[in-house]
There are 2 protein chains.
Amino acid sequence: MPATGTGDRIAEALQLVRGTLPITRRVCQPGTAIYEAGEVFRSLHIVHAGVFKLVTRSSDGREQVTGLQFKGDWLGFDGVASGRHGADAVAIDTSEIWTVRYEDLLRACATQPALMHLMHVAMSREMTRDRDMLLSICTLPADARVAGFLQQWASALAERGLRTDQITLRMTRAEIGNSLGMKLETVSRALSRLARDGLIAFCGTGRRDITIPDVDALGAIAGRHAATLQ
Amino acid sequence: MPATGTGDRIAEALQLVRGTLPITRRVCQPGTAIYEAGEVFRSLHIVHAGVFKLVTRSSDGREQVTGLQFKGDWLGFDGVASGRHGADAVAIDTSEIWTVRYEDLLRACATQPALMHLMHVAMSREMTRDRDMLLSICTLPADARVAGFLQQWASALAERGLRTDQITLRMTRAEIGNSLGMKLETVSRALSRLARDGLIAFCGTGRRDITIPDVDALGAIAGRHAATLQ
DNA sequence: CGAGTCCTTGACCCGCGTCAACGGCCGTGG
DNA sequence: CCACGGCCGTTGACGCGGGTCAAGGACTCG
């Protein structure tokens, strides 16, 4: 499958960063944290391969997956405001991360407007995504949220030119549930219902590999529910 | 009550922007929208007085309050990524807004690192706030969310040096509920329970003016619930 | 004084959380 | 080789928090 326009944009962005800044690369195994909440903020990171989850914690022990970052997404913006990170960034797949010192980035931005805009776009996109997430969680029932999650995952892969005919979820049911504001049993049931209705199909031995015959049909089930509201 | 450290920071930030950029000022009545979802993005806005809500909408008619912005907060970042706004920004009180063209801002940032950092801090803070919101909504029961909402509102006022002994909620129960992911009846019941337990008290004729004898006690009820989880 | 909006409170119900049992897949060690 | 325990996923039964529906009170603006 050829890279899409968005995929090209991501590649260009990565090029631009690599061309204008000193970066360090690092490969991470699933489970390793790039940074953790409370750590002093010094650097930003760009996902070059793999997937990361952002985990926000409260002082009393509650925790919440507040974002999933794919290739081209940035990590670490949460530290800019206070000088300390506000979440953990954990690899959920074998991943490669590029790291740039925030200081270097600021300096480079002064002479490279394109670079600055790039960063702003990344932050802006992330804010929009967070809000869409909030919208889904607050207004959709469990099944639609799971369907939306799969659709988002699939389109994230598609944008990056990766195969979407067969998808391997790199998260447990509990993690998916946490990121969607529901419990693991609810995720399991939702997936079973989606499979029964033919919107997805499990393949392979484990139950983490799925195929999505029609991505748009998945996205439509959110709308279908909303329609019954009126 | 004297301005706190944070209040000073906000004042300084406003000074810096006004000193280095052409801005336009505008006073808004409650209900007026600074921008709406879908509009072409050209400018950023800084709240100079009053309160704004951000309303995110889905294509099928669901809508969600995804943020409240007080003095010193910025509006419009959601438009940077795509060139179009992704939400409505609506005044919920008589407010004054300062507007700067994004283009001008970028130019000024090239020579004024402090200005650039200021903007980054504002974006970063907003992302952190969004995620804390998600955490609350996904992990706390209704009463604790309402308590947290009041606490946040009170501390937003306190940071800006405004009186917090008596607070006027500038939103209907429906709006509060929407922003917290619950229905207006649930908000009403939660407030009644908080009042019965002495954590808040209604004052004045309408039921929008409340006093909070102990702000920290309000914040603690979230933790109290979390403690029972273990 | 009437209409409209907002808020409160009760009664009922349902989606999802909780608890529990069970099966599959893995790595480890006898 | 199989036995074992740990983790993950599925499914059922049941209960509860909060959504839904409905009635009524308080305030505001004509």
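For clarity, every value in this text was computed on a predicted model and none was experimentally measured. For the numbers below, each heavy atom of this structure counts, side chains included, while hydrogens, waters and symmetry mates do not. Chain letters run A, B, ... following the sequence lines, proteins first and then strands; every chain starts at 1.
Using modelled atom types, one side-chain atom of B/Q69 and one backbone atom of B/W74 make a donor-acceptor pair closer than 3.5 Å. In this structure, B/D143 contributes its side chain and B/L194 its backbone to no donor-acceptor pair below 3.5 Å.
As a whole-Å value, the separation of A/R208 CZ from C/dC26 P is 11 Å. Rounded to whole angstrom, the span from the CZ atom of A/R207 across to the P atom of D/dT10 amounts to 5 Å. The CZ atom of B/R173 sits 17 Å away from the P atom of D/dG18 (whole-angstrom rounding). B/L180 places its CG atom 11 Å from the P atom of D/dG19, with the value rounded to the nearest Å. The separation between B/N178 atom CG and D/dG18 atom C1' is 16 Å, rounded to whole Å. Spacing between atom CG of A/D143 and atom P of C/dC16 amounts to 7 Å, rounded to whole angstrom units. To the nearest angstrom, P of C/dC6 lies 19 Å from CD1 of B/I210. If you measure from atom CE of B/M182 to atom C1' of C/dC7, you get 16 Å, rounded to the nearest angstrom.
Of all the residues in residues 184-193 of chain B, B/L184, B/E185, B/S188, B/R189, B/S192 reach under 4.0 Å from DNA chain C with at least one non-hydrogen atom.
Of the candidate nucleotides D/dG19, D/dG9, D/dG18, D/dG9 has the atom nearest to the side chain of A/T172.
Ionic pairing of A/E39 and A/R84 is not present here: no N-O contact between side-chain nitrogen and carboxylate oxygen is shorter than 4.0 angstrom. Between A/D60 and A/R62 there is a salt bridge, since a side-chain N of the basic residue sits under 4.0 Å from a carboxylate O of the acidic one. Ion pairing of B/E175 with B/K53 is present here, as a side-chain N (NZ or NE/NH1/NH2) and a carboxylate O approach within less than 4.0 Å.
Qualifying salt bridge (charged side-chain N to carboxylate O under 4.0 Å, His left out) partners for B/D216, counting only residues two or more places apart in sequence or in other chains: none. Residues satisfying the side chain to side chain contact (heavy atoms under 4.5 Å, CB included) criterion with A/V121, sequence neighbours excluded, are A/H117, A/R125, B/V80, B/A81. Applying the side chain to side chain contact (heavy atoms under 4.5 Å, CB included) rule to B/T24 yields the partners B/T99; only residues at least two apart in sequence or on another chain are considered.
No side-chain heavy atom of B/R163 sits under 4.5 Å from any side-chain heavy atom of B/L157. Here the side chains of B/T168 and B/W153 are not in contact, with every heavy-atom distance at 4.5 Å or above.
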Base, backbone or nothing for each nucleotide of nucleotides 24-30 of chain D, written B, S, -, heavy atoms under 4.0 angstrom, 5' to 3'?
-> ---S---

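A donor atom on one side chain and an acceptor atom on the other are not found under 3.5 Å apart for B/D78 and A/T128.
Among the heavy atoms of the strands, none lies under 4.0 Å from B/G204.
Rounded to 10 degrees, the angle between the two end axes of the helix from C/dC1-D/dG30 to C/dC26-D/dG5 is 30°, with five pairs used at each end.
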